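Reading through the structure tokens given below for one structure.
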Amino acid sequence: MAINFDKALGNLPEHLSLYGQRSSLLASNIANADTPGFKARDIDFQSIMSKASGARMSMATTQAGHIGGADAAIGGMELLYRMPTQTSLDGNTVNTQVEQAQFTENAVRYQSTLTFLGGKFSSLKMAITGK
Amino acid sequence: MALFDVFDIAGSAMGAEAVRLNVTASNLANAQSVGPDEKGTYHARHPIFSAVMQSLQGGENHSVGVKVDGIVESQAPLEKRHQPGHPLANEDGFVFLPNVNMVDEMSNMISASRSYQSNVEVLNTSKQMMMATLRLGQ
């Protein structure tokens with residue numbers, strides 16, 4: 001069985017990129033904790049990953065000049081608004097504690113994905129060098 | 001890369017919170033600066049924050065920083081005090097005190113400092129994430 005470098009890492013790189021994007025989103029929420037009228041936003045990680053790993057559809061290429069459309073993986077992530085637990089007079093829906101907890105969770109997930117990726121790399125290294 | 005945006009976002013928020021802290025400091029410092037009339041007396045100042053969308057080349061970008069739109073002066077009525085001997089008193093013997101509310105200012109100060117700390121924490125965590133990414137595969 002040949003080693004396939006494209007598939008060796010699975011969808012871990014996509015996970016990593018999505019966690020990176022989510023961290024900037026949550027940082028925006030925390031940054032705007034005092035901005036009047038700001039609505040906290042987040043993404044539904046589960047639905048994006050299932051969309052990306054589920055039915056992978058790409059455009060048919062019937063001519064030499066055709067470009068096969070890339071499947072909608074991470075690019076089209078849908079931004080949702082967070083449901084506020086408590087209304088505020090200035091219309092701000094950021095709950096700093098919730099956002100901080102989410103940010104920390106996101107950072108831990110990012111780190112664990114990195115660890116898994118490191119494991120994949122060391123497996124590849126072991127397969128290549130034989131030791 | 002999205003993780004780099006975090007530095008801009010948290011940085012802008014830290015700047016805005018620092019402005020808020022500065023304004024609070026100037027309000028507290030001038031809480032007793034009396035004046036001869038309504039116009040010539042210090043009024044409490046407050047910054048107005050607004051979200052600023054950062055457009056990146058090409059694709060949609062969702063990172064939102066903060067900027068200080070401006071600083072407004074409080075329109076609350078000033079307190080008049082009868083002090084005929086005061087050098088700044090008007091012809092009726094009154095001086096005007098600034099409309100600085102000490103309790104408001106102290107709670108504003110704590111809120112600004114806590115928000116600042118949150119953003120520093122976000123920066124630190126993001127930095128650690130990036131350093132871990134750099135060490136990947138070693």
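A, B, ... follow the sequence lines: proteins, then strands. Residue 1 opens every chain. Bear in mind that the values here come from a model prediction, so they are computed numbers and not experimental data.
The distance from atom OH of B:Y116 to atom OG of B:S111, rounded to the nearest 0.5 Å, is 14.5 Å. A:E14 CD to A:L12 CG: the interatomic distance, rounded to the nearest 0.5 Å, is 9.0 Å. The CG atom of A:L79 sits 11.5 Å away from the CG atom of A:D44 when rounded to the nearest 0.5 Å.
Both the backbone and the side chain of A:A107 come within less than 4.5 Å of a heavy atom of chain B. Heavy atoms closer than 4.5 Å to chain A are found nowhere in B:R135, neither backbone nor side chain. Of the atoms belonging to A:S23, heavy atoms from both backbone and side chain fall under 4.5 Å from chain B. Proximity to chain B (any heavy atom under 4.5 Å) is shown, for A:K120, by neither the backbone nor the side chain.
Stacking of A:R109 on the aromatic ring of A:Y19 is not recorded, the 6.0 Å distance cut-off and the 45° axial limit not both being met.
Counted within 6.0 Å of CZ on A:F116, heavy atoms from surrounding residues, nucleotides or ligands total 12 or fewer; the atom is thus considered open.
Across A:L114, A:L117, A:T104, the residue that shares the most heavy-atom pairs under 4.5 angstrom with chain B is A:L114.
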